S.K.: 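I'd like to ask some things about the structure below.
These numbers were taken from a predicted model, which means no experiment stands behind them. In listed order, ligands and their atoms are each counted from 1. Numbering of residues begins at 1 and proceeds along the displayed sequence.
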Amino acid sequence: MDVFASTEGPESDGHEQVVFCQDKQTGLKAIIAIYSTALGPGLGGTRFYPYATEAEALHDVLDLSRGMAYKNALAGLDLGGGKAVIWGDPEQIKTEPLLRAYGRFVESLGGRYYTACDVGTYVADMDVVARETRYVTGRSVEHGGAGDSSVLTAWGVFQGMRAAAEHAWGSPTLAGRRVGVAGLGKVGKHLIGHLVDDGASVVATDVNEAALAWVRQAYPQVDVVSDTTALISSDIDVYAPCALGGALDDTTVPALRASVVVGAANNQLAHPGIEKVLADRGILYAPDYVVNAGGVIQVADEIEGFNFERAKLRATRIYDTTRQILRLADAEGVPPAVAADRLAERRMAEVGRLRTIHLR
Ligand SMILES: NC(=O)c1ccc[n+]([C@@H]2O[C@H](COP(=O)([O-])OP(=O)(O)OC[C@H]3O[C@@H](n4cnc5c(N)ncnc54)[C@H](O)[C@@H]3O)[C@@H](O)[C@H]2O)c1
C-alpha cells in the first residue's frame with residue numbers, strides 16, 4: 001500500500017508522522033498518527049477495532065488524529081493532535097503482552113505522542129500500557145490517573161449548552177427550556193443531572209432498556225420516549241445527541257424541532273454540507289468537538305499530576321470558547337463548525353509559530 005498517497009485524501013492535509021507497529025507474537029498491528037505537534041505532543045486515544053482492511057484502519061487514524069489537533073487546540077491545551085488504532089477484535093486478541101508491546105511502541109516515540117482510552121480500550125488497559133511507557137493518560141485513579149472522563153465531558157457539554165442558550169435566547173441557562181437527550185450512557189447520565197439541577201425540563205431516549213430503567217428510577221421527572229425519531233420530532237428547544245456519530249443527517253435535520261443542537265457524540269455531522277442545512281433552517285449547532293472536550297481536558301490533566309478541580313475549571317471554559325465561536329460565526333457569516341475550525345487553526349498557527357523563537 002502506498003501510505004503517503006493515501007494521506008492526500010480529504011481527511012489529511014499533511015500529517016507529521018504515521019508509524020506502523022507490528023509484533024507478530026502477540027498479534028499486535030497498530031498505527032500511530034501524529035497530525036500536528038505545533039502546540040505540544042500529540043494527545044489522543046487508542047481505538048481497538050476490527051477494521052475490515054488496513055486501508056480502513058489507516059483512514060480512521062488519519063481522520064481521528066487530525067480531529068484531535070483541532071479539539072486540543074480549542075480546549076486551550078498545550079497539546080497537539082495524535083491518535084492510534086490497534087487493528088483487530090479486542091474480544092479475541094487483547095492480552096497483557098499485546099498491550100505492553102503497544103506501550104513500548106508508544107514509548108519509542110519519546111513523548112511525541114500521548115495515548116489514552118477510546119473505543120475498545122479502557123482505563124484498566126491504560127494501566128497495563130503504562131507499565132511500558134510514561135506517555136499515557138486515562139489511567140485509573142489508583143495509578144495516578146484521571147479515571148472516568150465522562151464526568152467532565154458532561155460538564156463541558158453543559159457549559160457549551162449554556163453558551164448556546166445565551167446566544168439563542170439571551171440568558172446562559174437551560175431553566176424553563178425543554179432538552180431532548182438521545183443516549184443515556186456514561187455522558188448522557190451525568191448531563192441529565194446538570195440539566196435537571198439547572199431547571200430544564202428533560203425528555204430522553206436510549207436503545208438500551210436498562211438505561212431507560214435507570215433514568216425512570218433516578219429522575220422520575222424526566223419524560224422517556226421510544227426512540228430518537230420520536231425525540232427529535234417532539235416539542236424540544238435543545239437536542240443533545242449523546243449516542244453514536246452521524247446524528248445530524250438528511251433525515252434528522254429536516255425533522256428537528258429544536259432550534260439549538262449541543263451534544264456529546266463525536267462526529268455528529270453525517271457529511272460535509274449538513275452544517276449549512278442546519279444554518280439555513282436557523283438551527284444553532286455548537287460543534288461537537290468543542291463542547292465534548294471535557295474528557296480530553298480531564299485526561300490531559302494527568303500529565304501535570306491529576307487535579308480534579310483544576311481540570312474542572314478548564315472544562316468550565318468551554319462556555320467561553322463556545323460563546324466566542326458562535327459570535328465569530330455570526331461576525332464572519334459562516335456556520336459555527338467553520339468558525340471553530342478557523343479559531344483552532346489560528347491558535348495552532350499563532351502559538352505554534354512561537355517555537356521559531358530560538359531559546360538555546
Ligand atoms: N465518554 C467520554 O468522555 C466522551 C468524550 C468525548 C466524546 N464522547 C462521545 O459521546 C458519546 C457518548 O459517549 P459515552 O461515553 O456516554 O458512551 P456510552 O457507550 O457509555 O453510551 C452511549 C449510549 O447511547 C445509547 N445508544 C446507542 N445507539 C443509540 C440510538 N440509536 N438511540 C439512542 N441511544 C443509543 C447506548 O445504548 C448507550 O447507552 C459517544 O459518541 C462518544 O464518542 C464521549
Side-chain angles (χ1 to χ4, degrees), residues 43-49 60 63-64 67-68 70-72 74-75 77 81 83 90 116-123 126 137-139 145-161 180-194 202-216 218 222 224-234 239-249 251-252 255 261-270 286-302 308 311-312 314-315 318:
L43 168 66
T46 301
R47 185 163 293 192
F48 204 143
Y49 191 77
D60 209 24
D63 208 16
L64 293 165
M68 287 310 299
Y70 281 69
K71 180 184 271 198
N72 293 343
L74 284 185
L77 298 170
K83 198 90 182 184
C117 303
D118 194 68
V119 175
T121 56
Y122 302 91
V123 166
M126 290 308 123
T137 66
R139 293 163 300 157
D148 178 6
S149 64
S150 62
V151 175
L152 289 188
T153 300
W155 179 246
V157 170
F158 176 59
Q159 298 307 321
M161 208 181 275
V181 180
L184 300 172
K186 295 185 289 295
V187 180
K189 284 176 175 163
H190 290 299
L191 180 61
I192 284 191
H194 299 314
V202 179
V203 50
T205 192
D206 197 289
V207 286
N208 180 348
E209 259 313 313
L212 297 180
W214 170 86
V215 76
R216 284 193 185 102
V222 168
V224 172
V225 290
S226 57
D227 56 27
T228 304
T229 309
L231 184 95
I232 62 169
S233 53
S234 71
Y239 172 39
C242 295
L244 308 178
L248 301 169
D249 62 21
T251 309
T252 53
V261 178
V262 184
N266 278 313
N267 305 324
Q268 288 170 33
L269 302 173
D288 47 18
Y289 79 84
V290 177
V291 301
N292 74 13
V296 76
I297 290 171
Q298 182 165 339
V299 299
D301 199 82
E302 264 179 71
F308 182 79
K312 186 174 181 186
R314 280 190 182 140
I318 289 175

S.K.: Within the side chain of Q298, is there an N or O that forms a donor-acceptor pair under 3.5 Å with the backbone of L152?
M.R.: yes
S.K.: What are the two closest non-hydrogen atoms of G160 and V291, and how far apart are they?
M.R.: CA-CG1, 3.8 Å
S.K.: Taking ring pair (Phe, Tyr, Trp, His ring centres under 6.0 Å) as the test, write out the residues that go with Y49, two or more places apart.
M.R.: Y51
S.K.: Suppose we screen for ring pair (Phe, Tyr, Trp, His ring centres under 6.0 Å). Which residues come up paired with H190, at least two apart in sequence or across chains?
M.R.: none
S.K.: Tell me, which residues have any heavy atom less than 4.0 Å from some atom of ligand 1?
M.R.: S149, S150, T153, G183, L184, G185, K186, V187, D206, V207, N208, T228, C242, A243, L244, A264, A265, N266, N292
S.K.: Checking D206 now: which residues fulfil salt bridge (Lys or Arg N to Asp or Glu O under 4.0 Å) with it, not counting sequence neighbours?
M.R.: none
S.K.: With no hydrogens and no angle check, just 3.5 Å: does a side-chain donor-acceptor pair link T252 and D249?
M.R.: yes
